[in-house]
Q: 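Quick one: the structure is below, and I'll ask about it shortly.
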Amino acid sequence: RSHDTNSYREIYQFGKKGYWAYDVQEKFINLRYRLLPYIYSTAWEVTSKSGTFMRALSMDFSYDSKVLDMNSEYLFGRSFLVAPVTDSLYISRNNGITKIDFTTKTWKVYLPSGADWYDFWTGKKISGGVEINREVPIDIMPLYVKAGSIIPMGPFVQYSSEKDQSNLEIRVYPGADGEFNLYEDENDNYNYEKGKYTTIKFKWNDKSQKLTIEDRNGDFTGMLKSRTFSIVKVDEKNGIDIQLTSKPTKTIKYDGKILIICI
């Protein structure tokens, strides 16, 4: 979202639905809300393990000399590579006259070596160690997900507590082993400091193509004792963009006990 002191920032200040400036903001607001389970769990890693949200590429790919001094990209948590478009590619101003030209431009993105990467918007898999020219229409910021990542995605909501998290979409990006620790608590107090929270570890074995959902650890008042996980094995047809996946690879019920799912 936009931050400023003396300017209007609310989305309705930028037109109405159907106007490009409104629609782009709505898209990324929805992405933020859908990623809340990932964001909240990453916040727990920051709290419990001195982790960080915004990671220089050199923190995870120190063996790749091309990223050691790279300041144009970063990791968001341990799974997302973000390459923000920092130039005004579509709007220019000359002598007080604003010009808009939405002819699609490209943006250079480097994908670190030692990993495969999935384009979040298309599901296309690309081997690392290459620089690509990614098309960046006005509503696309280059986002790539590292192979082996497990990304929990929540429902579309208007505010964080509008719906419970009883049906999460779990996106698995094959190509490497990986794990993710889903963290949940009471949301609005400090009881987590007293141990009132739960964690559920997801582990992906790429060789066997099996996803293990381990026993739930911990408890707190109001926690979900039974829920549905829609498991999505990502490719160019499934688990792409911000939309809900209409045909999950598997849908399972989880009651806190270990499950091993072959997908």
Side-chain angles (χ1 to χ4, degrees), residues 31-49 51-53 55 60 75-81 115-118 120 123 125 143-155 163-185 187 192 195-220 223-235 238-245 247-263:
L31 173 60
R32 181 254 182 182
Y33 276 120
R34 287 219 66 203
L35 285 176
L36 275 182
Y38 175 81
I39 293 170
Y40 206 63
S41 297
T42 300
W44 171 242
E45 183 177 326
V46 172
T47 298
S48 62
K49 298 180 180 179
T52 177
F53 271 104
R55 304 173 65 82
D60 292 56
L75 295 172
F76 181 62
R78 295 184 181 274
S79 297
F80 281 90
L81 183 147
D116 291 334
W117 298 90
Y118 287 81
F120 175 79
K125 185 179 178 182
L143 294 176
Y144 291 85
V145 184
K146 186 172 64 175
S149 295
I150 301 167
I151 306 294
M153 299 188 71
K163 300 176 184 177
D164 64 29
Q165 305 290 304
S166 58
N167 190 340
L168 295 184
E169 181 176 313
I170 309 296
R171 294 187 180 180
V172 177
Y173 292 79
D177 294 343
E179 62 180 51
F180 186 84
N181 213 17
L182 179 67
Y183 170 86
E184 295 172 313
D185 61 21
N187 294 322
Y192 71 90
K196 296 298 182 180
Y197 62 85
T198 63
T199 57
I200 302 172
K201 181 171 286 189
F202 294 75
K203 298 178 71 174
W204 170 247
N205 185 305
D206 200 63
K207 183 178 181 179
S208 65
Q209 298 287 284
K210 290 181 179 179
L211 178 69
T212 299
I213 307 176
E214 296 186 352
D215 290 340
R216 179 179 58 232
N217 289 316
D219 64 79
F220 61 87
M223 74 176 189
L224 293 167
K225 296 182 179 180
S226 180
R227 62 204 305 174
T228 299
F229 290 136
S230 297
I231 313 296
V232 179
K233 188 177 178 181
V234 175
D235 56 30
N238 301 288
I240 60 176
D241 210 316
I242 66 172
Q243 300 305 318
L244 295 167
T245 302
K247 294 182 179 180
T249 310
K250 283 195 175 178
T251 300
I252 58 102
K253 297 290 185 182
Y254 177 75
D255 62 2
K257 300 299 182 182
I258 188 171
L259 291 173
I260 301 176
I261 305 112
C262 184
I263 59 173

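Both backbone and side-chain heavy atoms feed into the values below; hydrogens, waters and symmetry mates do not.
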Q: Report the distance from atom SG of Cys262 to atom NZ of Lys250, rounding to the nearest 0.5 Å.
A: 6.0 Å
Q: Relative to each other, are the rings of Trp44 and Tyr192 parallel, tilted or perpendicular (30° and 60° limits)?
A: perpendicular
Q: Begin from the C-alpha positions of Trp204 and Ile263 and carry the test side chain to side chain contact (heavy atoms under 4.5 Å, CB included) through to its verdict.
A: CA-CA 10 Å; Trp204 170 247; Ile263 59 173; 3.5 Å; yes
Q: Does atom NZ of Lys203 have more than 12 heavy-atom neighbours from other groups under 6.0 Å away?
A: no
Q: Looking at CD1 of Ile242 and CG of Leu35, how far apart are the two atoms once the value is rounded to the nearest 0.5 Å?
A: 9.5 Å
Q: Could you tell me which non-hydrogen atom of Thr251 sits nearest to which non-hydrogen atom of Thr228, and how far apart they are?
A: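 Residues Thr251 and Thr228, closest heavy atoms: CG2-CG2, 3.5 Å.
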Q: Apply the test side chain to side chain contact (heavy atoms under 4.5 Å, CB included) to residues Gln165 and Arg227: give CA-CA distance (whole Å), side-chain angles for both, the deciding distance (0.1 Å), then the verdict.
A: CA-CA 8 Å; Gln165 305 290 304; Arg227 62 204 305 174; 3.6 Å; yes
Q: Quick one: do Glu184 and Phe220 satisfy side chain to side chain contact (heavy atoms under 4.5 Å, CB included)? Show the steps, please.
A: CA-CA 9 Å; Glu184 295 172 313; Phe220 61 87; 4.2 Å; yes
Q: Using side-chain heavy atoms (C-beta onward) and a distance below 4.5 Å, is Asn205 in contact with Gln209?
A: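 SC-SC contact between Asn205 and Gln209 ruled out.
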Q: Identify the two heavy atoms, one from Lys225 and one from Arg216, that lie closest to each other, and give their separation to 0.1 Å.
A: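 Residues Lys225 and Arg216, closest heavy atoms: O-NH1, 3.6 Å.
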Q: Verify, without hydrogens or angle tests, whether Asp177 (side chain) and Asp206 (backbone) share a donor-acceptor contact under 3.5 angstrom.
A: yes
Q: Do other residues, nucleotides or ligands put more than 12 heavy atoms under 6.0 Å from Lys210 NZ?
A: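 Atom NZ in Lys210 is not crowded, with 12 or fewer foreign heavy atoms closer than 6.0 Å.
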Q: Tell me the closest heavy-atom pair linking Pro37 and Ser41, and the distance in Å.
A: O-OG, 2.8 Å
Q: If I compare all heavy atoms of Ile213 with all of Ile252, which pair ends up nearest, and what's the gap?
A: CD1-CD1, 3.9 Å
Q: Evaluate side chain to side chain contact (heavy atoms under 4.5 Å, CB included) for Leu259 paired with Lys253, printing each intermediate quantity in order.
A: CA-CA 9 Å; Leu259 291 173; Lys253 297 290 185 182; over 6 Å; no
Q: Could you state the interatomic distance from CD1 (Ile231) to CG (Asn238), rounded to the nearest 0.5 Å?
A: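 Ile231 atom CD1 to Asn238 atom CG measures 13.5 Å (nearest 0.5 Å).
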Q: To the nearest 0.5 Å, what is the distance between CD1 (Ile261) and CG (Leu211)?
A: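 If we round to the nearest 0.5 Å, Ile261:CD1 and Leu211:CG are 5.0 Å apart.
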Q: Any donor and acceptor pair, going by atom type alone, linking the side chain of Arg171 with main-chain N or O of Gly239 inside 3.5 Å?
A: yes
Q: May I ask you to decide if Ile258's main-chain N or O and Asp215's side chain share a donor-acceptor pair within less than 3.5 Å?
A: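 Side chain of Asp215 to backbone of Ile258, a donor-acceptor pair under 3.5 Å: yes, one is there.
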Q: Mind listing the closest non-hydrogen atom pair of Tyr118 and Val234 along with its distance?
A: CE2-O, 4.0 Å
Q: Find the distance between OG1 (Thr47) and NZ (Lys49) and round it off to the nearest 0.5 Å.
A: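 It comes to 12.0 Å.
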Q: What about Phe202 and Phe229, are their ring centers closer than 6.0 Å?
A: yes
Q: Measure the spacing between CG of Leu143 and CG of Leu81 and express it to the nearest 0.5 Å.
A: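 With rounding to 0.5 Å, CG (Leu143) is 8.5 Å from CG (Leu81).
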Q: Is any side-chain heavy atom of Ile170 less than 4.5 Å from a side-chain heavy atom of Phe180?
A: no
Q: Looking only at side-chain N and O atoms, does Tyr173 offer a donor or acceptor that is under 3.5 Å from a partner on Asp116?
A: no
Q: Using a 3.5 Å distance criterion without hydrogens, assess whether the side chain of Ser230 forms a donor-acceptor pair with backbone atoms of Pro248.
A: no
Q: Looking at Tyr144 versus Trp117, is the centre-to-centre ring distance below 6.0 Å?
A: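 They do not qualify: ring centres at least 6.0 Å apart.
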Q: With distance as the sole test, does Arg34 use its side chain to make a donor-acceptor pair with the main-chain N or O of Gln243 at under 3.5 Å?
A: yes
Q: If you look at every heavy atom in Phe76 and Tyr38, which pair is closest and at what distance?
A: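 Looking at all heavy atoms of both residues, the closest pair is O-OH, 2.7 Å.
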